[in-house]
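Structure first, then comments.
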Amino acid sequence: MPNFLKQRSVNEKTLVLNSSMKKLFIHILLALTFFITGHASAWTIEAFNLEADIQTDGTVAITETIKADFTGQLQKHGIFRDIPVQFMDENNKKFKTPISNIEITDANNHAISFSKSRVGSNVSLKIGNANKYVKQSETYIIKYNISGVLNAFKEHDEFYWNVTGNEWKVPIKHATAIVTLPEKSKFLKAKCFTGKTDSTAQNCEFKLNESSSAAGFKTNQNLKQGEDFTIVFGWEKGLVRLPQRQMAFDYEGWAKKLQYLFLLFPLWGIARNLRIRNELKPHKAVIPLYHPPENLGVGLIGFFERGKPHTRDLTALLTQLCVKGLLSIKEIKPTGVFKKASYEFTALPSNNAKLDKEEQFVYDHLLIAPGETISLKALTKKDSIFKYSNYQQLLNQIKKEVSHYFRASKIKPLKFLGSVFLFSSIFFGAIIFSVLAKSALPILFFITGAVATFALPQFDKKGQLLKHDIRGYKLFLNTADKERINWSEAQNIFEGNLPYAIALNMTDKWAKVFDDKIQPPEWFEGQNISNLSSLERGITRSASRAIVSSAPRSTSSSRGSSGFSRGGRSGGGFGGGGGGSW
């Protein structure tokens with residue numbers, strides 16, 4: 001190899017090595033930066049000192065001196081101090097330990113601003129000035145009086161106190177406590193504990209001073225996050241008056257007991273629902289009915305049976321036009337393996353057939369001239385009955401026709417407002433009781449009651465009677481007795497009831513009754529009557545797709561540029577947010 005090539009190869013290797021070393025150095029530097037930053041960002045409590053002066057009346061004057069080191073985290077305004085003021089006694093009952101006369105100063109006895117709030121069973125003190133940042137070292141002296149924290153036993157009374165608490169998010173390097181009595185006691189006893197909740201570790205020490213009726217306590221090692229320093233100080237009985245405990249109102253306990261009152265709402269709703277249904281229910285047996293009830297139109301019978309419209313009603317109306325000699329349908333066999341049959345419509349000359357309102361509306365909106373032939377696919381693309389706006393007009397016509405069968409509300413305006421107020425009260429009451437009782441039962445009771453209240457029959461008594469007759473007519477369509485059918489009239493019986501069978505989703509069963517006993521209708525050019533089921537499904541699916549695709553669309557607004565375009569970035573799009581400390 002020529003020398004200049006060897007030299008070039010050596011230079012390239014050197015450059016690659018230097019580049020790798022630089023990258024490694026940058027990674028190490030970044031790691032060290034993050035490590036140093038992570039350690040510098042945490043503040044600590046250098047000392048937590050307690051002075052507890054037990055008063056003759058049983059209250060305790062507390063002074064907490066907290067020395068905090070904010071080095072490396074100067075963008076802080078102060079600290080929070082959460083003081084428990086509610087506990088559970090030996091009988092699992094809640095009692096209060098109210099605090100009063102709260103004062104907070106610094107080491108120079110200058111007042112520090114603070115705000116007080118109640119958070120659960122704690123009084124939370126937010127200490128500091130929102131317009132000022134802390135120094136590297138801050139001292140907070142918190143003074144307050146607390147009552148109800150002394151325990152009475154058979155042989156002695158005692159002060160059992162968690163000095164630091166275990167809910168600090170930072171370590172505490174050193175903790176001390178001094179407890180004094182108002183008078184001299186014949187005997188004193190003391191003990192202390194450290195560690196997490198329920199720990200029996202005693203990495204601490206204490207000293208009793210019988211001459212001054214006091215005791216001193218201190219920790220022997222740092223308290224890690226989640227650890228606390230607890231002291232016990234006892235003295236002879238009768239030296240300090242122990243007032244009766246102030247029992248706290250047990251919201252959760254009472255809420256759990258009273259939550260079952262909400263069961264009255266679903267019970268009332270269900271009873272009311274059953275009563276109304278029983279009043280509207282026709283009290284007679286369902287028997288086969290050999291004709292549509294009350295000469296009910298093809299476009300209406302399906303709505304009555306389901307209680308809502310369906311595009312199958314449109315197919316039934318088109319079939320009715322065929323039965324009345326105004327339309328014919330031809331089945332076009334599929335040409336491919338996976339293709340489905342298609343259909344052609346031919347408008348026949350007008351024969352002055354009597355049409356009801358729904359049939360006339362569909363006929364007028366077919367837009368096929370007499371003698372004209374058009375495919376179903378082409379028809380769905382025209383401004384015909386298969387367009388959303390025209391179909392909605394048909395639905396409005398159907399609803400108008402059956403509206404006088406709907407169950408009318410008899411609630412007067414004043415009674416309606418009262419019902420709304422009562423319903424809202426039960427709703428918000430259920431939410432409140434669910435939160436207080438920590439139970440989902442009130443909400444479940446409310447939901448059950450609401451469903452029972454509003455899930456009432458759609459139709460009135462006359463409408464229910466009509467639905468009852470429709471069930472009898474369906475019974476005939478479903479179980480038609482071949483032996484009792486007048487087969488000389490079989491063709492007319494089949495065709496006359498076919499549109500209704502389509503509307504009631506019984507095409508297959510109705511065609512199966514007649515099987516091969518009749519010929520396909522003259523208006524249908526297909527292989528046999530079993531193909532009428534495919535015809536019904538094909539038209540219904542095509543109608544649904546055409547109506548949905550022609551419905552007006554609502555557009556949603558976007559926020560900025562797409563995340564896939566040049567505008568894509570971290571933090572873009574929706575969501576996000578964050579938070580921080582005080």
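Atoms considered below: every heavy atom in the structure, side chains included; atoms not considered: hydrogens, waters and symmetry mates. Predicted model, so just to flag it, every value in this text is computed and none were measured.
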Separation between CD of Gln86 and NZ of Lys96, rounded to the nearest 0.5 Å: 8.5 Å

message: Leu394 vs Leu317, test: side chain to side chain contact (heavy atoms under 4.5 Å, CB included). Steps then yes/no.
response: CA-CA 11 Å; Leu394 174 62; Leu317 286 166; 4.1 Å; yes

message: In the structure I gave you, are the side-chain heavy atoms of Ile539 and Ile329 within less than 4.5 Å of one another anywhere?
response: yes

- request: Determine whether Asp460 and His404 make a side-chain contact, defined as any pair of heavy atoms from C-beta on separated by less than 4.5 Å.
  value: no

message: Whether the side chain of Gln259 engages the backbone of Lys256 through a donor-acceptor N/O pair (distance < 3.5 Å, no angle test) should be reported.
response: yes

field: Listed partners of Glu359 passing salt bridge (Lys or Arg N to Asp or Glu O under 4.0 Å), at least two apart
entry: Lys324

task: Examine distances only and state if a side-chain atom of Arg312 and a backbone atom of Thr540 form a donor-acceptor pair shorter than 3.5 Å.
output: no

- prompt: Has the side chain of Trp523 got a donor or acceptor atom that lies under 3.5 Å from a matching backbone atom of Leu327?
  reply: no

- prompt: About how many Å separate CZ of Phe304 and CG of Asp469, when rounded to the nearest 0.5 Å?
  reply: 11.0 Å

message: For Tyr290 together with Phe476, are the ring centres under 6.0 Å from each other?
response: yes

field: Criterion side chain to side chain contact (heavy atoms under 4.5 Å, CB included) on Leu296 and Tyr473, from CA distance to verdict
entry: CA-CA 11 Å; Leu296 198 62; Tyr473 180 56; over 6 Å; no

statement: Sorted by chain and residue number, the salt bridge (Lys or Arg N to Asp or Glu O under 4.0 Å) partners of Arg545 (sequence neighbours excluded) come out as none

message: Under the criterion side chain to side chain contact (heavy atoms under 4.5 Å, CB included), I'd like the reasoning laid out for Phe386 against Leu314: C-alpha separation, chi angles, the key distance, then a yes or no.
response: CA-CA 9 Å; Phe386 293 97; Leu314 178 55; 4.1 Å; yes

message: Under the criterion side chain to side chain contact (heavy atoms under 4.5 Å, CB included), I'd like the reasoning laid out for Phe361 against Ile385: C-alpha separation, chi angles, the key distance, then a yes or no.
response: CA-CA 9 Å; Phe361 186 91; Ile385 190 61; 3.6 Å; yes

- request: State, with a plain yes or no, whether a side-chain heavy atom of Thr507 is found less than 4.5 Å away from one of Arg537.
  value: no

- prompt: Can you tell if the side chain of Leu477 reaches within under 4.5 Å of the side chain of Trp510, non-hydrogen atoms only?
  reply: yes

- prompt: Any side-chain heavy atom of Thr319 within less than 4.5 Å of one from Leu498?
  reply: yes

- prompt: Is there a side-chain contact between Asp313 and Leu395, using heavy atoms and a 4.5 Å cut-off?
  reply: no

message: Testing Arg471, Lys467, Lys474 one by one against Glu305 for a side-chain hydrogen bond (donor to acceptor under 3.5 Å, both in side chains), which residue passes?
response: Lys474

Within residues 361-387 or reaching into it, pairs that qualify as side chain to side chain donor-acceptor pair (under 3.5 Å) - sequence neighbours excluded: Thr346-Thr373, Gln360-Asp364, Asp383-Asn390

message: Under the rule for salt bridge (Lys or Arg N to Asp or Glu O under 4.0 Å), what residues qualify as partners of Lys357, not counting sequence neighbours?
response: Glu401

Interatomic distance, Met88 atom CE to Phe95 atom CZ [nearest 0.5 angstrom]: 9.5 Å

- prompt: Are Val323 and Pro521 close enough that some pair of their side-chain heavy atoms sits under 4.5 Å apart?
  reply: no

message: Please check this pair: side chain of Asn273 against backbone of Gly269, looking for a donor-acceptor N/O pair closer than 3.5 Å.
response: no

query: Which residue pairs pass the salt bridge (Lys or Arg N to Asp or Glu O under 4.0 Å) test with at least one member in residues 274-283, sequence neighbours excluded?
result: Arg275-Glu279

statement: dist Lys438:NZ -> Phe433:CZ (nearest 0.5 Å) comes out at 15.5 Å

task: Answer yes or no: are there more than 12 heavy-atom neighbours, outside Phe406 itself, under 6.0 Å from its atom CZ?
output: yes

message: If the condition is salt bridge (Lys or Arg N to Asp or Glu O under 4.0 Å), which residues does Arg118 pass it with, not counting sequence neighbours?
response: none

Inter-residue atom distance His468.NE2 - Leu280.CG, 0.5 Å rounding: 13.5 Å

Backbone of Leu274 reached by a side-chain donor or acceptor of Asn278 within 3.5 Å: no

- request: Over all heavy atoms of both residues, which pair between Pro442 and Phe262 is shortest? Give the atoms and the distance, please.
  value: CB-CD1, 4.2 Å

message: Do Leu321 and Leu355 have side chains that approach each other closer than 4.5 Å (heavy atoms only, starting at C-beta)?
response: yes

task: Working to the nearest 0.5 Å, report the span between CH2 of Trp168 and CD of Gln225.
output: 12.0 Å

field: Within 6.0 angstrom of Gln393 CD, more than 12 heavy atoms from elsewhere
entry: yes

message: If we ignore hydrogens and angles and just use 3.5 Å, is the side chain of Asn122 paired with the main-chain N or O of Ser124 as donor and acceptor?
response: no

message: Is the distance from the ring center of Phe423 to that of Phe446 below 6.0 Å?
response: yes

